[in-house]
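FYI, side chains are in, hydrogens and waters are out, and symmetry mates aren't considered; it's all heavy atoms of this structure.
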Amino acid sequence: MYFFASYGVFLLLRQVSVVRCSLFAMARGLFSWVWLRKPIYIQARFSYLHMKYMFFSWLAVFVGSWVVYVEYSSYSELCRGQACKNAICDKYRKGLIGGSACSSLCEKDTLYLGKCLSSKPNNQVYSGGWGDLEGVIKCQMEEVPRYDPGVEMEHRKEASPFNKPTKGISVEKFKAIVLSHLKTKVGEQANLQDLVSLVLFVADYNKDGLISLPEARSMWALLQLNEFLLALVLQDREHTPRLLGFCGDLYVMEKVPYAPLYGISLPWAVELWIPAGLRRSMDQWFTPSWPRKAKISIGLLELVEDVFHGTFGSFLMCDVSAADFGYNDRHDLKVMDARHIVPEATFQEAMREQRCNVDEDCLYGTDCRTSCDLTKHRCTPEVTRPNLAKACSSLKEYLLRGAPSDIQDELEKQLYACIALKGSAEQMEMEHSLILNNLKTLLWKKISHTKDS
């Protein structure tokens, strides 16, 4: 009996041992499988991360290359200063053109082109130096169709801007041609002969009392440009940079130290993510103190007065944006880009020739709009907003930000009354003058006791 009990225990222990061995073997096999599978998992994970890294790396390279290509293409198209210089100097060496800047630009190399500031391919703009003077050099690269409201309202139709006057023409005949041209540009003015005399004085750059054919051709080319004409008309006013010299239709203007009037430049990728309201607020972050802003603003109001019923006719300000203006160390306003300040007579002639179906077709620049006469499908010649209203729109946030509390409400009231002006200045001359004087008086009173005045 004892033998059988012992034998049963032996069998039970043996079965338990077999089960333990089986379990151990199964566990060892499972461990071996996991140990063998782990490198495969790691390799798959590594391959996935590697592919992901490679994909985003190539994507970054592609996008970066595209951005560099676009920026380079844009730069190479906008900045062709060397080509402009070569074209001007070639004509100078052939004796076609002349001017006070020709020798320095083409022979002595004392007039050089620096940083490219161009915004349009046909109008090359560079900062530069001329001896001890700092200036802005402007050069025309392409012909501009006459009266194309979408481009420039320049008066060019000739195949070359230097084909007038022709050889053998007398000075008296040239004066008659200039007079006729100025009548077309600024309209009939009682003192137009004075403007003709001013043109001839500037053309005679060596002051020998004679107008040579190269001098006459250069001046004729320059007279096609609104900005140059405005520089002559307002040469005795403080808000236009001085004309330093010219060569053909390349001319050098006094440099404006601080520009634009306000605003900061950001990369386009950043611009996409900034809300419009925040962007307008950011433009006002880096501006002078309020008294200095008030003085600069008075300068813009004075410029409006200068171009409205000026000495040689009226001009329309068709782009009153901050980028077109700057100021000097004394905080006097200066015009940076006057291409869109056009003679009213030229503008009205262009609008009469402009076909339209809706009022939106009758627009030049960003701010000069007329209405469409649907019976004739032609634009009417009178602008719907005067220069003063456009100037006040540009100054509103600039002036109200940081304004003294004691004049904040009155200043805001006058600015909104100014912005609300409608119709041409001639149609509401009394109201126009009243609002302009009230604004200037309010600002001067506040800053007259400060050093900024």
Notebook entry, point to check: SG to SG, are Cys102 and Cys247 under 2.5 angstrom apart?
Noted result: yes

Item checked: Straight-line distance of Glu305 CD to Leu436 CG, nearest 0.5 Å -> 4.5 Å

Checklist line | Check: Thr366/Asp319 side-chain N/O donor and acceptor closer than 3.5 Å | finding: yes

Notebook entry, point to check: Hey, what do you get for Cys379 versus Cys356: SG atoms under 2.5 Å apart or not?
Noted result: no

Check: Under the 3.5 angstrom rule, does the side chain of Ser118 hit a backbone N or O of Pro121 as a donor-acceptor pair?
Finding: no

Notebook entry, point to check: Mind checking whether His432 and Phe308 have parallel, tilted or perpendicular rings, split at 30° and 60°?
Noted result: tilted

Checklist line | Trp290 side-chain N/O to Arg401 backbone N/O, donor-acceptor pair under 3.5 Å | finding: no

Note to self: Taking the side chain as everything from C-beta on, heavy atoms only, tell me whether Leu105 gets closer than 4.5 Å to Ile137.
What the structure shows: no

Next item on the list: Look up atom CG in Asn387 and atom CG in Leu421, then write down how far apart they are to the nearest 0.5 Å.
Entry: 11.0 Å

Check: So how far is it from Ser448 OG to Lys295 NZ, rounded to the nearest 0.5 Å?
Finding: 12.5 Å

Check: How about Lys440: does its NZ atom have over 12 heavy atoms from other parts shown lying under 6.0 Å from it?
Finding: yes

Note to self: Pair Asp249, Lys91 - check salt bridge (charged side-chain N to carboxylate O under 4.0 Å, His left out), show working.
What the structure shows: CA-CA 11 Å; Asp249 58 359; Lys91 293 179 176 66; over 6 Å; no

Next item on the list: Please say whether more than 12 non-hydrogen atoms of neighbouring residues, nucleotides or ligands are located less than 6.0 Å from CZ in Arg237.
Entry: no

Next item on the list: Decide whether Gln414 and Glu410 meet the rule of one side-chain donor and one side-chain acceptor closer than 3.5 Å.
Entry: yes

Check: Hey, are Asp90 and Lys94 close enough for a salt bridge, meaning a charged N less than 4.0 Å from a carboxylate O?
Finding: yes

Notebook entry, point to check: Do Val178 and Leu223 have side chains that get closer than 4.5 Å, going by heavy atoms?
Noted result: yes

Notebook entry, point to check: Below 6.0 angstrom between ring centroids: does that apply to His340 and Tyr364?
Noted result: yes

Next item on the list: For the pair Ser127 (side chain) and Lys115 (backbone), establish whether a donor and an acceptor sit closer than 3.5 Å, ignoring hydrogens and angles.
Entry: yes

Notebook entry, point to check: With a 2.5 Å cut-off on the SG atoms, do Cys79 and Cys116 make it?
Noted result: yes

Next item on the list: Output yes when Lys334 and Asp324 qualify as a salt bridge under the 4.0 Å nitrogen-oxygen rule, no when they do not.
Entry: no

Next item on the list: Compare all side-chain heavy atoms of Leu443 with those of Leu411 and state whether any distance is below 4.5 angstrom.
Entry: yes

Next item on the list: State, with a plain yes or no, whether a side-chain heavy atom of Leu117 is found less than 4.5 Å away from one of Tyr126.
Entry: no

Margin query: With a 4.5 Å cut-off on side-chain heavy atoms, are Pro214 and Leu96 touching?
Written below: no

Check: Does Ser212 offer a backbone N or O that forms a donor-acceptor pair with the side chain of Arg217 under 3.5 Å?
Finding: no

Margin query: Taking the cut-offs as 6.0 angstrom to the six-membered ring centre and 45 degrees off its axis, would you call Lys138 and Phe246 a cation-pi pair?
Written below: no

Note to self: So does Arg80 get a backbone contact from the side chain of Gln124, meaning a donor-acceptor N/O pair under 3.5 Å?
What the structure shows: yes

Check: Just by distance, with hydrogens left out, do Ser393 and Arg385 show a side-chain donor and acceptor under 3.5 Å apart?
Finding: yes

Next item on the list: Hey, could you give me the CG/NZ distance between Leu179 and Lys175, rounded to the nearest 0.5 Å?
Entry: 9.5 Å

Check: Backbone N or O of Ala350 within a donor-acceptor pair of the Glu353 side chain at under 3.5 Å?
Finding: no

Margin query: I'd like to know if the side chain of Thr346 reaches the main chain of Val342, judged simply by a donor and an acceptor atom lying under 3.5 Å from each other, with no hydrogens or angles considered.
Written below: no

Next item on the list: State whether the side chain of Ser197 and the backbone N or O of Gln193 hold a donor-acceptor pair below 3.5 Å, judged by distance alone.
Entry: yes

Margin query: Would you say that Thr311 contacts Gln189 through its side chain, given a criterion of any heavy-atom pair below 4.5 Å between the two side chains?
Written below: no

Next item on the list: Anything under 30° is parallel, anything over 60° is perpendicular, the rest tilted; go ahead and classify Tyr398 against Tyr262.
Entry: parallel

Item checked: Cys362 and Cys372 SG atoms less than 2.5 angstrom apart -> no

Next item on the list: In sequence, state the C-alpha distance, the side-chain angles, and the governing distance for Leu198 and Leu200, and then conclude on side-chain contact (heavy atoms from CB on, under 4.5 Å).
Entry: CA-CA 5 Å; Leu198 178 59; Leu200 297 180; over 6 Å; no

Check: Does some side-chain heavy atom of Val320 sit less than 4.5 Å from a side-chain heavy atom of Met317?
Finding: yes

Margin query: With a 6.0 Å cut-off (strictly less than), is the heavy-atom count around NZ of Lys255, excluding the residue itself, greater than 12?
Written below: no

Note to self: Counting neighbours of NZ on Lys445 that are heavy atoms of other residues, nucleotides or ligands and sit closer than 6.0 Å, is the number greater than 12?
What the structure shows: no

Note to self: Let me confirm one number: the CG-CD distance from Asp361 to Gln354, rounded to the nearest 0.5 Å.
What the structure shows: 7.0 Å

Next item on the list: Please confirm whether the backbone N or O of Ser371 pairs with a side-chain atom of Thr380, one donor and one acceptor, at under 3.5 Å?
Entry: yes

Next item on the list: Look up atom OH in Tyr205 and atom OG in Ser218, then write down how far apart they are to the nearest 0.5 Å.
Entry: 8.5 Å

Check: Checking Glu227 side chain against Ala338 main chain: does a donor-acceptor pair fall under 3.5 Å?
Finding: yes

Next item on the list: State, yes or no, whether a side-chain contact exists between Arg369 and Val383 at a heavy-atom distance under 4.5 Å.
Entry: no

